[in-house]
Colleague: 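My questions all concern the structure below.
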Amino acid sequence: MSSPTMSIAQFERLRKLIYEKSGIWFADNKKYLLEARLGRRLLELEIDDFDQYVSFMTMGPYRDDEFNEMFSRITINETSFFRNGPQLDVFEKKILPEIVEKRKNMRQLRIWSAACSTGEEPYTLGIIASRVLGFRAKEWTVQIFGSDISERAIRIARAGRYPSLSLRSVPPAIVQKYFHEANGFNQIDPEIQAMVTFGRLNLKDRLAARRYGVWDVIFCRNVMIYFDQDMKDQSLELFASVLAPDGALLVGHSESFRNNAHFVARSEPQGFAYARVQGSGGVLRNAA
Ligand SMILES: C[S@@+](CC[C@H](N)C(=O)[O-])C[C@H]1O[C@@H](n2cnc3c(N)ncnc32)[C@H](O)[C@@H]1O
């Protein structure tokens, strides 16, 4: 059986559905991508054409599972430990120490890695938090939450086992200290793993996202590039509503935006970091 072809009308229907569910927008020139990735899924399911697939996904008894599977197939999960080093340097040397100083009485730190893919980013933040806190780490409660729309990505993240390629940007001293070899893979240190929890969360589902309480830092990198302006605005509004008034938002280096109603750029040139506009956003109390 050869891979089914996707008509323009089927593409329109599918991309509308994907957009409504996730905020991810497939531009006209990305039709081939949907066709190739979902075509393989149709072959596995022995479904002949994309109309049948849409019915299976929207009306079939396994529709929730199939949506999950579909998102795992169509999302770009590329990531690595210590991705965008210069930004993380600013985070480690300036932004996080400032927040640690402000939280020194509570001794609690809450960081959300929104759209964390397979977990390299939240574990990196755990390593950084451990380095910044140093000997004080044991007296602090550090909660790092990694979330993603892709169930498959979250499953890999929870295992905390990575091939050497994921560690390509990690200095050897950090590899030695925070990973150990396990059957040809690199297993993250249990103390770092204990700081990090994972959950499947769609950024479109703002109600669900708000249930996790207030964050001192939010990382949302390399996902808003796949969103249209409306979804980007909605995501920023969500972040403003769950970020502590003195917290920081960090976005990917191609995702910097002009100051908006909720966020104002901090001064660090490499940082792509934002502070909340005073009086905007947050109404939540910390759930923890
Ligand atoms: C390129 S990865 C970025 C990973 C990490 N933040 C980094 O910068 O290395 C983008 C991730 O966004 C996730 N994603 C896409 N749309 C999403 C949505 N609506 N809600 C939550 N996650 C989403 C994808 O599943 C993918 O894992």
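Order of listing sets the numbers, starting from 1, for every ligand and every atom in it. The residues of the chain are indexed from 1 along the displayed sequence. Computed from a predicted model, the values in this text were never measured in an experiment.
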Colleague: Among K102, R276, R103, which residue meets the salt bridge (charged side-chain N to carboxylate O under 4.0 Å, His left out) test with D216?
Modeller: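 Only one of K102, R276, R103 forms a salt bridge (charged side-chain N to carboxylate O under 4.0 Å, His left out) with D216, namely R103.
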
Colleague: Determine, for R266 against E98, whether the closest basic-nitrogen to carboxylate-oxygen distance falls under 4.0 angstrom.
Modeller: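 Result for this pair is yes, salt bridge flagged.
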
Colleague: E12: what forms a salt bridge (charged side-chain N to carboxylate O under 4.0 Å, His left out) with it, not counting sequence neighbours?
Modeller: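 Listed in chain order: R15.
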
Colleague: Assess whether a salt bridge exists between E151 and R155, defined as any Lys/Arg side-chain N lying under 4.0 Å from an Asp/Glu carboxylate O.
Modeller: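 No, no charged N to carboxylate O under 4.0 Å.
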
Colleague: Looking at residues at least two apart in the chain, or sitting in another chain, which of them share a ring-ring contact (aromatic ring centres under 6.0 Å, His included) with F26?
Modeller: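 By the ring-ring contact (aromatic ring centres under 6.0 Å, His included) rule, F26 matches no residue at all.
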
Colleague: Check ligand 1 for close polar pairs with the protein: N or O on both sides, less than 3.5 Å.
Modeller:
from     : atom 1 : to   : atom 2 : distance (Å)
ligand 1 : 6 (N)  : A115 : O      : 2.9
ligand 1 : 6 (N)  : E121 : OE1    : 3.2
ligand 1 : 6 (N)  : R221 : O      : 2.9
ligand 1 : 8 (O)  : R83  : NH1    : 3.4
ligand 1 : 8 (O)  : R221 : O      : 3.2
ligand 1 : 8 (O)  : N222 : ND2    : 2.7
ligand 1 : 9 (O)  : T79  : OG1    : 2.5
ligand 1 : 9 (O)  : R83  : NH1    : 2.8
ligand 1 : 19 (N) : S22  : O      : 2.9
ligand 1 : 19 (N) : N202 : OD1    : 3.0
ligand 1 : 20 (N) : L203 : N      : 2.9
ligand 1 : 22 (N) : I149 : N      : 3.3
ligand 1 : 25 (O) : T75  : OG1    : 3.3
ligand 1 : 25 (O) : N77  : ND2    : 3.4
ligand 1 : 25 (O) : D148 : OD1    : 2.6
ligand 1 : 27 (O) : N77  : ND2    : 2.7
ligand 1 : 27 (O) : D148 : OD1    : 3.4
ligand 1 : 27 (O) : D148 : OD2    : 2.7

Colleague: Residues in ring-ring contact (aromatic ring centres under 6.0 Å, His included) with Y32, at least two apart?
Modeller: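 Partners of Y32 under the ring-ring contact (aromatic ring centres under 6.0 Å, His included) test: none.
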
